[in-house]
Amino acid sequence: MQQRVADPVTVGEAAAILRGGGICAFATETVYGLGADAADADAVLAVYKAKARPRFNPLIVHCADFAMAERLVEFSPLARRLAVLWPGPLTLVLKAKPGDHVCDIAAAGLDTLAVRVPRHPQARALIEAVGRPLVAPSANPSGRLSPTTADHVRDAFEGRVPVLDGGPCAAGLESTILAVLDDGDGRAVQLRAGALPRAGITARTGVPVALPDADAPATAPGMLKSHYAPRARLRLNAEAPREGEAFLDFGAGDGGAGDARLDLSPSGDLREAARNLFSHLAALDAAGPKTIAVAPIPDTGLGEAINDRLRRAAAR
Ligand code: TXA
Ligand code: MG
């Protein structure tokens with residue numbers, strides 16, 4: 001096994017790694033990302049390799065502010081209205097502008113680009129210190145649970161990837177991804193449910209958010225049926241665990257915790273459940289159960305994204 005690398009302690013140290021063509025994980029408000037200079041094809045390739053990520057799956061480009069994003073993509077009036085939610089857990093897929101800010105492999109050969117401005121102050125400080133946009137896919141090996149703490153990242157990569165510790169992630173679920181490519185119909189299309197629920201986006205911007213047609217190819221290339229998976233199998237919508245199963249409960253009052261049993265939110269709060277989803281799954285998985293039974297989660301608001309992740313984690 002390769003040696004453990006030293007972690008950067010300050011934003012300046014992490015920025016130096018990234019400016020020097022290295023890769024470094026950092027916290028965002030959603031999940032930890034594995035960062036690299038978006039313009040540096042070798043560094044971006046190292047990100048794909050570290051994650052064992054298929055090359056057809058493009059990366060999200062993270063910007064310090066709207067002005068940085070505007071150098072990379074075309075903002076239609078509709079996209080501009082959605083961008084008022086930045087900084088925040090929203091990714092917009094827009095038409096790429098010509099230029100050399102983002103290398104071709106980051107976009108996996110598409111003529112669109114997924115961009116977001118994260119809210120986590122340390123993430124923005126890091127992008128500012130590097131002075132260039134950063135690609136940052138979730139800092140997990142492809143297909144596995146997403147990391148919401150620095151320790152999750154260290155465990156997942158066995159210490160081979162440097163991590164700037166920014167504390168536990170506040171949202172705990174990846175950003176919501178919207179495609180805004182056809183301004184004609186005045187709506188955005190949700191490619192991935194995420195930390196910003198659709199209804200909230202519409203309430204705050206007035207922009208209707210449609211779901212992709214079931215038969216349309218308009219979905220994020222990375223939304224594979226099986227993803228976000230622990231080692232254990234998942235059994236969803238379980239009212240109670242069976243003999244030998246670990247149990248991920250929801251809304252059980254104070255009765256949720258115990259051996260091989262964790263509650264996503266004893267009070268039944270979906271924000272708390274989202275924040276705990278990946279870390280509770282990782283904690284239950286660490287004991288090596290064959291199966292984790294998961295209590296039903298309401299499918300409203302943030303529950304849409306939570307159930308999306310659970311369905312993919314259960315698919316094999
Ligand atoms: O919250 C997040 O979005 C986190 C943090 C680190 O920012 N990042 C993240 O990245 O979730 P990743 O690589 O795990 O997921 C990116 C998703 C993939 O499903 C990918 O296919 C999609 O974004 N994507 C990237 N570029 C795209 C494009 N041009 N068109 C459609 N989907 C795109
Ligand atoms: Mg991911």
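Quick caveat, the model's predicted, so the values are computed rather than measured. Atoms within a ligand are numbered from 1 in the order they appear, just like the ligands themselves.
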Shortest heavy-atom approach to atom 3 (O) of ligand 1 - which of Ala171, Gly33, Ser146, Ser175: Ser175

Under 4.0 Å between a Lys/Arg side-chain N and an Asp/Glu carboxylate O for Asp269 and Arg271? no

So how many protein N, O or S atoms does the Mg ion (ligand 2) have within less than 2.8 Å? 1

Is Glu70 salt-bridged to Arg80, going by a charged N under 4.0 Å from an acidic O? yes

Residue portion contacting ligand 1 (non-hydrogen atoms closer than 4.0 Å) for Thr112: both

Sequence neighbours excluded, which residues qualify as salt bridge (Lys or Arg N to Asp or Glu O under 4.0 Å) partners of Glu29? Arg116

Without swapping roles, check the side chain of Asp40 against the backbone of Ala43 for a donor-acceptor pair under 3.5 Å. yes

Specify the closest pair of heavy atoms between Ala238 and Ala293, including all atoms of both residues, with the distance to one decimal. CB-CB, 3.8 Å

Short N/O distance, under 3.5 Å, between Thr28 and ligand 1? no

So the atoms of ligand 1 within less than 4.0 Å of a heavy atom of Pro137 turn out to be 10 (O), 12 (P), 13 (O)

Polar contact flag for Glu174 and ligand 1 (N/O pairs, less than 3.5 Å): no

Give the atom numbers and elements of ligand 1 that come within less than 4.0 Å of a heavy atom of Arg116. 1 (O), 2 (C), 3 (O), 5 (C), 7 (O)

How far does CZ of Arg124 sit from NE2 of His62, to the nearest 0.5 angstrom? 13.0 Å

What atoms of ligand 1 come within less than 4.0 Å of a heavy atom belonging to Leu191? 31 (C)

Under the ring pair (Phe, Tyr, Trp, His ring centres under 6.0 Å) test, residues paired with Phe250 that sit two or more places apart: none

Judging by distance only, is a nitrogen or oxygen of Tyr32 under 3.5 angstrom from one on ligand 1? no

Proximal ligand 1 atoms for Ala136, defined as those under 4.0 Å from one of its heavy atoms: 6 (C), 8 (N), 10 (O)

Joint hydrophobic cluster, Leu126 plus Val61, side-chain heavy atoms closer than 4.5 Å: no

Which pairs pass ring-ring contact (aromatic ring centres under 6.0 Å, His included) with one or both residues in residues 273-303, sequence neighbours excluded? Tyr228-Phe278

According to the interplanar angle, ranging from 0 to 90°, do the rings of Phe75 and Trp86 count as parallel (below 30°), tilted (30 to 60°) or perpendicular (above 60°)? perpendicular

Matching residue for Ile60 among Ser175, Pro118, Pro133, Pro137 - test: side chain to side chain contact (heavy atoms under 4.5 Å, CB included): Ser175

So Gln190 and Thr176, side-chain hydrogen bond (donor to acceptor under 3.5 Å, both in side chains) or not? Walk me through it. CA-CA 7 Å; Gln190 178 172 274; Thr176 302; 5.1 Å; no

Would you indicate which of Leu134, Leu181, Asn57 comes nearest to atom 18 (C) of ligand 1 when only heavy atoms are counted? Asn57

Report the part of Arg53 (side chain from C-beta onward, or backbone N, CA, C, O) that has a heavy atom under 4.0 Å from ligand 1; answer both or neither where that applies. side chain

For atom 26 (N) of ligand 1, which candidate among Ala123, Pro58, Pro89, Ala25 provides the closest heavy atom? Pro58

